[in-house]
Amino acid sequence: MGLEWIVAFLVLGLVVGFMAGLLGIGGGGIMVPVLTSIFLAQGVPVEQVVHMALGTSMASIVFTSFASMRAHHKKGAVMWNVVKVMAGGVIIGTFAATFLATYMKSVHLAIFFAIFMAYVSIQMAIDKKPKPSRELSTPVSLFSVGSLIGIVSALVSIGGGSLTVPYLVWQNIDLKRAIATSAAIGFPLSIAGTVGYIVNGMMHAEGGAEMMLGFVYLPGVLLISLVSYFTAPLGAKMAHTLPVGKLKKIFALLLMILSIKMLTSVI
């Protein structure tokens, strides 16, 4: 691997870690489009490039989400009662969906990613207020929603934040607590997704790059995680100082840009 790629992975890790801590998104929404571009430039076949980006992104989120979760926990902002209930559904949904992703073509995964990110960004930008009377759902509902979040997260390789954060805010949870709780949910989600992409990649990958474990590119994970582990707490610190309105606008704009980037990279 050339020096330019090492630098690219390190810079990606820096940005991903900070944004993961700031917005509770796990960083996958940023990583997948960028990794797709990097792998294409390295000569990875188009048929395999998005699967590699998804697997590598998910594995990198393990370390990023752990650092982000720990930072938010220190602030006392994580709602552990919600995490405990949703985590089971998230793990099951994420692992199962990695098998579905394996059978989808790269172009279809890219289109799904782009449409999903655009939808989420519009919802955040609209900033529709929940009913004042709305309260946190029952454990059964939380578990079920966790399963759906896990399925979508595996298909677009996000830490679940772009679904978990709006869902919790919709239930009158303060945005900063929603971000912190989402970061904690992202940790078990990323572990389940990583295991799924390793297993499926070992079963189906053909002629992948060197230093691969299933659909996970190990040098990329190492370099991204090396930096993101330290920048995630900085982002988490900023999340507790920036105004709520600015956070939502940053979130919405970032996701819209990335949805466009993903389409132009693969199609």
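Atom set for the values below is all heavy atoms of this structure, side chains included, hydrogens, waters and symmetry mates excluded. Predicted model only: the values in this text are computed from it and were never measured.
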Undergrad: How would you list, by chain and number, every residue that makes a side-chain hydrogen bond (donor to acceptor under 3.5 Å, both in side chains) with Thr241, sequence neighbours excluded?
TA: none

Undergrad: Can you label the angle between the Phe99 ring and the Phe95 ring as parallel, tilted or perpendicular, going by 30° and 60°?
TA: perpendicular

Undergrad: Would you list the pairs meeting side chain to side chain donor-acceptor pair (under 3.5 Å) in which at least one residue belongs to residues 80-97, sequence neighbours left out?
TA: His73-Trp80

Undergrad: Would you find more than 12 non-hydrogen atoms of other residues, nucleotides or ligands less than 6.0 Å from Phe18 atom CZ?
TA: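 Yes, because the 6.0 Å sphere around CZ of Phe18 holds more than 12 heavy atoms from other groups.
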
Undergrad: For Ser144, enumerate each residue passing the side chain to side chain contact (heavy atoms under 4.5 Å, CB included) test, keeping only those at least two apart in sequence or located in another chain.
TA: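 By the side chain to side chain contact (heavy atoms under 4.5 Å, CB included) rule, Ser144 matches Val140.
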
Undergrad: Looking only at heavy atoms, which two atoms of Ala59 and Val216 are closest? And how far apart?
TA: CB-CG1, 3.7 Å

Undergrad: May I ask whether Val152 and Ile91 are part of the same hydrophobic cluster, defined by side-chain heavy atoms of I, L, V, M, F, W, Y residues being less than 4.5 angstrom apart, directly or through others?
TA: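 Shared cluster, no.
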
Undergrad: With clusters built from Ile, Leu, Val, Met, Phe, Trp and Tyr whose side-chain heavy atoms come within less than 4.5 Å, directly or transitively, what are the remaining members of the cluster of Leu222, listed by chain and number?
TA: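 Members alongside Leu222: none; it stands by itself.
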
Undergrad: Would you mind listing the cluster partners of Val11? Hydrophobic ones only (ILVMFWY), side-chain contacts under 4.5 Å, chaining allowed.
TA: Leu3, Val7

Undergrad: How are the rings of Tyr217 and Phe39 set relative to one another: parallel (under 30°), tilted (30 to 60°) or perpendicular (over 60°)?
TA: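 Plane angle over 60°, so perpendicular.
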
Undergrad: Show every side chain to side chain donor-acceptor pair (under 3.5 Å) that has at least one partner inside residues 222-231, sequence neighbours left out.
TA: Thr64-Ser228, Arg70-Tyr229

Undergrad: If you compare all heavy atoms of Val78 against all heavy atoms of Met69, which two are closest, and at what distance to 0.1 Å?
TA: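 Scanning both residues completely, I find the closest heavy atoms to be CG2-O, 4.4 Å.
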
